[in-house]
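A short write-up of the structure that comes next.
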Amino acid sequence: MRLPAFNPKAALFIGVTAVSTSAILVRLAEDAPAAMTAFYRLFFAVIMMAPFILINYRHEFKQISKRNWILSILAGIFLAAHFIFWFESLSHTSVASSVVFVSIQPVFAFLGTYLLFQERFSYGAIISMIITLFGSLIIGWGDFQLGGNELLGDVLAILGAIGITGYFLIGQSARKSLSLMTYTFIVYGVASVTLFIYNLGLQHSFTGYSATNWYAFLALAIIPTFFGHSIFNWCLRWLSTTTVSMAGLLEPVGAALLAYIFLNEAITWSQFLGGTIVIFGLYLFIISTSKKTRVTISQRKK
C-alpha cells in the first residue's frame, strides 16, 4: 500500500483534538436551544458538502435501492435524536460527565448487535461492561449529590449514546452499498430536515442569535465534523479500527481539559474517578471485542 502524504497517527491526534471541541462549542452557543444548535451544525455541513457531492457523486443517487433509502433515512433520524439528547445534556450537567456517558456508545452497540445479529458475549466483554457500568454509577452518584439537574443531564447523555448506537446499527447495512460521502450526505441531510421539523414544532426561532452563536454553529460543522469524524474515517485506511477506537477514548479527557481551560469548569472527584474507570472499562471492551474468541457466555436460541 502506498504510504500516505501525511502521518496517519498525527492525523489521528488532530481528529481527537477536533472532536473534543464539540462540547465546548455547544456551550458557546448556549443562547440557542440545543435542537437549533444541532440543526445548524448539520445544515451547514450539508451546505458545504453539496457542491462536492453534486460534482463527484451525483451518479450514485440513481443506483440507491429503496431499502438503502429507508435505512439511510432511519439512520438520519437517529442521528438527529443523538444530537438533541446530547446537546441538551450539556445544558444540565458538566462537559466531563456528558462526554463520558456519550462515550459508552460501544457498549450499547455491542448489546444491539447481540439482540439484532446474535453476536456473542466473551468473558472480556462481560467484565469490561461491568467495569464501565460501575464507573458510570460513580459519576451518576456524584452528580445526584450535586442535584437532580445534573443527574438529568447524565440521563440525556445516555439517551444520546443510545441514539448514536441506533444510527450506527441501522446504517451499517446501507454503508456496504453506498460510498462514505454519499451515505454521509444523505444522513446529514435527513437529520437536518428532522431537526428543522422538530424546531418548527417547538416554535424555536431560526434567527436572531448573536454573532458568537453563529460562529459556534459554523465551527461545529467544520471542526468536530470535518476535521474530526472525517479524519477518523480517513485514518481507517491506514490504521486498524482498534487503534482509531482507542484514540476516540481520549475525547472525554480532551473535552474535560478544554472545559477546564476555556469554561473554568472544575472536575469533581466522582467525575475523575468514575471517568477513569469508564475509560479503562471501554479500553478493555474494545480490546476484548476486537479479537475473535471461542468462549461464549450466552447466545440467543434460533
Side-chain angles (χ1 to χ4, degrees), residues 17-55 57-58 61 72-95 98-99 102 149 152-153 155-157 159-161 163-164 166-167 181-230 255 258-259 261-265:
T17 304
V19 296
S20 297
T21 65
S22 184
I24 308 300
L25 292 171
V26 172
R27 281 289 186 84
L28 292 178
E30 61 184 0
D31 291 341
M36 188 60 67
T37 302
F39 165 71
Y40 277 117
R41 170 180 178 166
L42 293 174
F43 177 70
F44 285 154
V46 168
I47 293 299
M48 287 184 280
M49 291 176 68
F52 181 76
I53 293 294
L54 292 175
I55 293 173
Y57 293 89
R58 182 175 54 190
F61 288 86
S72 299
I73 290 171
L74 288 174
I77 293 172
F78 269 88
L79 181 63
H82 158 69
F83 281 125
I84 291 172
F85 286 125
W86 180 39
F87 284 10
E88 187 64 37
S89 78
L90 290 165
S91 300
H92 299 278
T93 191
S94 67
V95 168
S98 179
V99 177
V102 167
N149 199 46
L152 172 61
V155 173
L156 289 170
L159 291 175
I164 197 69
Y167 161 62
M181 291 298 296
T182 299
Y183 173 73
T184 301
F185 183 74
I186 293 173
V187 170
Y188 284 4
V190 170
S192 297
V193 173
T194 303
L195 288 164
F196 176 82
I197 296 172
Y198 182 81
N199 281 294
L200 205 62
L202 293 179
Q203 297 183 337
H204 290 159
S205 175
F206 287 84
T207 59
Y209 300 110
S210 66
T212 300
N213 279 267
W214 290 109
Y215 290 143
F217 296 156
L218 186 60
L220 279 165
I222 297 174
I223 301 174
T225 304
F226 293 129
F227 285 96
H229 295 289
S230 295
L258 290 173
I261 294 173
F262 293 104
L263 302 177
N264 197 29
E265 188 174 281

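Just so it is clear, the model here is predicted, and its values are computed rather than measured. All residue numbers in this chain count up from 1 along the given sequence.
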Seminar exercise, completed: Residues S98 and A157: closest non-hydrogen pair is O-CB, 3.6 Å
Exercise. Looking only at heavy atoms, which two atoms of V190 and I77 are closest? And how far apart?
Worked result: CG1-N, 4.1 Å
Problem set entry | Partner set under ring pair (Phe, Tyr, Trp, His ring centres under 6.0 Å) for F87, not counting sequence neighbours | F83
Exercise. For residues 29-44, which residue pairs qualify under salt bridge (Lys or Arg N to Asp or Glu O under 4.0 Å), counting only residues two or more places apart or in two chains?
Worked result: none
Seminar exercise, completed: By ring pair (Phe, Tyr, Trp, His ring centres under 6.0 Å), Y57 pairs with (sequence neighbours left out) F52
Seminar exercise, completed: side chain to side chain donor-acceptor pair (under 3.5 Å) filter on S210, not counting sequence neighbours, yields N213
Exercise. What residues form a ring pair (Phe, Tyr, Trp, His ring centres under 6.0 Å) with F43, not counting sequence neighbours?
Worked result: F39
Problem set entry | side-chain contact (heavy atoms from CB on, under 4.5 Å) against F227, all qualifying residues, sequence neighbours excluded | A18, I222, I231
Problem set entry | Contact summary for G189 and V46, nearest pair of heavy atoms | N-CG2, 3.6 Å
Problem set entry | Backbone of L220 reached by a side-chain donor or acceptor of T225 within 3.5 Å | yes
Problem set entry | Contacts of E265 that satisfy salt bridge (charged side-chain N to carboxylate O under 4.0 Å, His left out) - sequence neighbours left out | R27
Exercise. Does the side chain to side chain contact (heavy atoms under 4.5 Å, CB included) test come out yes or no for V155 and H92, once each step is laid out?
Worked result: CA-CA 10 Å; V155 173; H92 299 278; over 6 Å; no
For this session: Measure up the W214 and Y209 rings against each other and bin them: parallel (under 30°), tilted (30 to 60°), perpendicular (over 60°).
Result: perpendicular
Exercise. What pairs with V19 under side-chain contact (heavy atoms from CB on, under 4.5 Å), at least two apart in sequence or on another chain?
Worked result: H229, F232, E251
For this session: With sequence neighbours excluded, give me every side chain to side chain donor-acceptor pair (under 3.5 Å) pair touching residues 185-202.
Result: N199-H204
Problem set entry | Listed partners of F78 passing side-chain contact (heavy atoms from CB on, under 4.5 Å), at least two apart | Y167, I170
Exercise. Who pairs with S230 by side chain to side chain donor-acceptor pair (under 3.5 Å), at least two apart in sequence or on another chain?
Worked result: none
Seminar exercise, completed: Sorted by chain and residue number, the side-chain contact (heavy atoms from CB on, under 4.5 Å) partners of A216 (sequence neighbours excluded) come out as L28, A29
Exercise. Shortest non-hydrogen contact from L195 to L42?
Worked result: CD1-CD1, 3.8 Å
Seminar exercise, completed: Between A221 and A45 the two heavy atoms that sit nearest each other are CB-N, 3.8 Å
For this session: Kindly compute the distance separating CG (L90) from OG (S22), expressed to the nearest 0.5 Å.
Result: 8.0 Å
For this session: State, with a plain yes or no, whether a side-chain heavy atom of P224 is found less than 4.5 Å away from one of L25.
Result: yes
Exercise. So F185 and F61, would you call those rings parallel, tilted or perpendicular, with 30° and 60° as cut-offs?
Worked result: perpendicular
Seminar exercise, completed: Heavy-atom closest pair (I24 atom, A255 atom, distance to 0.1 Å) is CD1-O, 3.9 Å
